Amino acid sequence: MPAAINFKITAKDGKARTGVLSTPHGDIKTPAFIPVGTKANVKTLDVGDLEDLKAPAVLANTYHLYLRPGENLIHESGGLGKFMGYTGPTFTDSGGFQVFSLGFGLEHGVSKVSNIFPDEEVASRAQQTPKKKLFKIDDDGVNFVSHLDGSKHRFTPEKSIEIQQKIGADIIFAFDECTSPLHDKQYTTEAMLRTHEWAKRSVQAWTNRENQALFGIIQGGAYKDLRQQSTEFICSLDTPGIAIGG
């Protein structure tokens, strides 16, 4: 972990623990509820509201900020925090969730938090409304069509990390493939292994190590054994990244 960012465990109870994640822009007591500011703003709230609520951090989204206003403008503004007028810690999602939402999420008619899983009744899946997916994935990366204007783009692990480093959040995410809850175990396994390869490439592309920490993503969907396998792999990487469930 970068010198400017460190994590200290403050208490343990069995497998549970609390801690303090220190960043250049303040401390985050964990576990923490972190509001999502997808486009560098939290809906219905301004920065003053976030301060009044003592929000521990804000999570923004690489995909959306890349499309508008663009990572270069944010970089020229002094980074994500200054761009949005927020002085606390910031995170950026890698765009991996948008790989799902623009693709199998549309095609399967489900969201990441859907209660539809592979072992549930097929009849319950028919309640969803599928649409044509807007992306194509391969082992190297993802081609996608902008939901704003239909323009074509491509994300790879290297591209995602490059964009996130320009956006300048304290903690950036490794690029991953978030699977649909309707995917079977075979595809979920393929996506997990792809995520592992992308994690290694994300580590190699991560060069701003003095000021940003890299957040490792665990995949495996509804399958406990795959999630355990993914956890072991991400934690075995020779990097100071932080691993959580994806």
Side-chain angles (χ1 to χ4, degrees), residues 1-2 5 36 38-40 59-68 70-72 74-75 80 90-106 112 133-147 152-180 183 187-209 211-221 226-227 229-246:
M1 191 175 298
I5 300 179
V36 175
T38 301
K39 302 175 183 178
L59 170 67
N61 185 275
T62 297
Y63 164 84
H64 288 285
L65 294 179
Y66 159 77
L67 290 179
R68 188 170 58 191
E71 70 275 18
N72 290 328
I74 296 174
H75 179 70
L80 179 61
T90 53
F91 293 66
T92 45
D93 184 296
S94 69
F97 175 67
Q98 273 59 47
V99 172
F100 161 75
S101 62
L102 291 172
F104 292 111
L106 288 175
K112 185 179 182 181
K133 60 185 180 182
L134 300 177
F135 91 113
K136 183 177 181 180
I137 191 168
D138 56 61
D139 287 339
D140 181 62
V142 181
N143 292 321
F144 62 91
V145 176
S146 168
H147 70 288
K152 296 180 179 180
H153 304 269
R154 181 169 177 81
F155 268 14
T156 62
E158 293 79 9
K159 182 66 173 179
S160 173
I161 296 300
E162 176 189 350
I163 294 169
Q164 291 185 81
Q165 291 189 147
K166 282 190 174 181
I167 290 173
D170 295 301
I171 300 176
I172 63 177
F173 285 22
F175 193 54
D176 68 309
E177 181 185 355
C178 177
T179 52
S180 163
H183 276 135
Y187 187 87
T188 303
T189 301
E190 293 173 3
M192 179 195 71
L193 294 175
R194 185 179 293 119
T195 289
H196 292 174
E197 290 302 310
W198 288 358
K200 291 190 292 186
R201 289 167 56 187
S202 294
V203 170
Q204 292 173 350
W206 171 43
T207 59
N208 189 20
R209 302 189 178 197
N211 301 306
Q212 293 177 307
L214 180 64
F215 202 104
I217 304 297
I218 294 165
Q219 289 296 353
L226 295 184
R227 296 197 303 272
Q229 181 181 339
S230 189
T231 301
E232 292 171 1
F233 177 86
I234 295 297
C235 291
S236 73
L237 290 176
D238 185 18
T239 171
I242 306 166
I244 67 161

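Please read all numbers here as calculations on a predicted model, not as lab measurements.
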Which atom names give the shortest non-hydrogen contact between [X] and [Y], and what distance separates them?
X	Y	result
A60	A40	CB-N, 4.4 Å
L67	S146	CD1-OG, 3.6 Å
A199	I234	CB-CD1, 3.9 Å
A169	L80	CB-CD2, 4.2 Å
S94	S160	O-OG, 2.8 Å

Is it true that E197 and K200 have a side-chain N and a carboxylate O under 4.0 angstrom from each other?
-> yes
With a cut-off of 6.0 Å (strictly less than), are more than 12 heavy atoms of other residues, nucleotides or ligands near NE2 of H75?
-> no
Counting N and O atoms only, with roles assigned by atom type, does the side chain of [X] sit under 3.5 Å from a partner on the main chain of [Y], one being a donor and the other an acceptor?
X	Y	value
T188	G220	no
S230	R227	no
W198	D139	yes
Q164	F173	yes
W206	Q212	yes

Rounded to the nearest 0.5 Å, what separation is found between the OG1 atom of T62 and the CG atom of D93?
->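 Reported value, rounded in 0.5 Å steps: 6.5 Å.
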Hey, could you give me the CD1/CD distance between I218 and Q229, rounded to the nearest 0.5 Å?
-> 12.0 Å
Going by the side-chain contact (heavy atoms from CB on, under 4.5 Å) test, name the single residue among I74, N72, I172 that passes it with I167.
-> I74
Between F233 and H196, how do the two ring planes meet: parallel, tilted or perpendicular, split at 30° and 60°?
->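 Ring orientation of F233 relative to H196: parallel.
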Aromatic plane relationship, Y66 with F144 - under 30° parallel, 30 to 60° tilted, over 60° perpendicular | perpendicular
Identify, with sequence neighbours excluded, every residue that meets salt bridge (Lys or Arg N to Asp or Glu O under 4.0 Å) alongside K39.
-> none
Out of T179, D176, T195, which one pairs with Q219 under the side-chain hydrogen bond (donor to acceptor under 3.5 Å, both in side chains) rule?
->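 The single option meeting the side-chain hydrogen bond (donor to acceptor under 3.5 Å, both in side chains) with Q219 is D176.
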Candidate list T92, T207, N208, N211, test side-chain hydrogen bond (donor to acceptor under 3.5 Å, both in side chains), partner Q165, passing option | T207
Return the set of residues passing ring pair (Phe, Tyr, Trp, His ring centres under 6.0 Å) with F91 (not counting sequence neighbours), or none when no residue passes.
->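 Listed in chain order: nothing, the list is empty.
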Run the ring-centre check on Y63 versus H147 and record whether the distance is less than 6.0 Å.
-> yes
Please list all pairs passing the salt bridge (Lys or Arg N to Asp or Glu O under 4.0 Å) test where one or both residues lie in residues 154-165, with sequence neighbours left out.
->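 Qualifying pairs: D138-R154, D140-R154, E158-R201.
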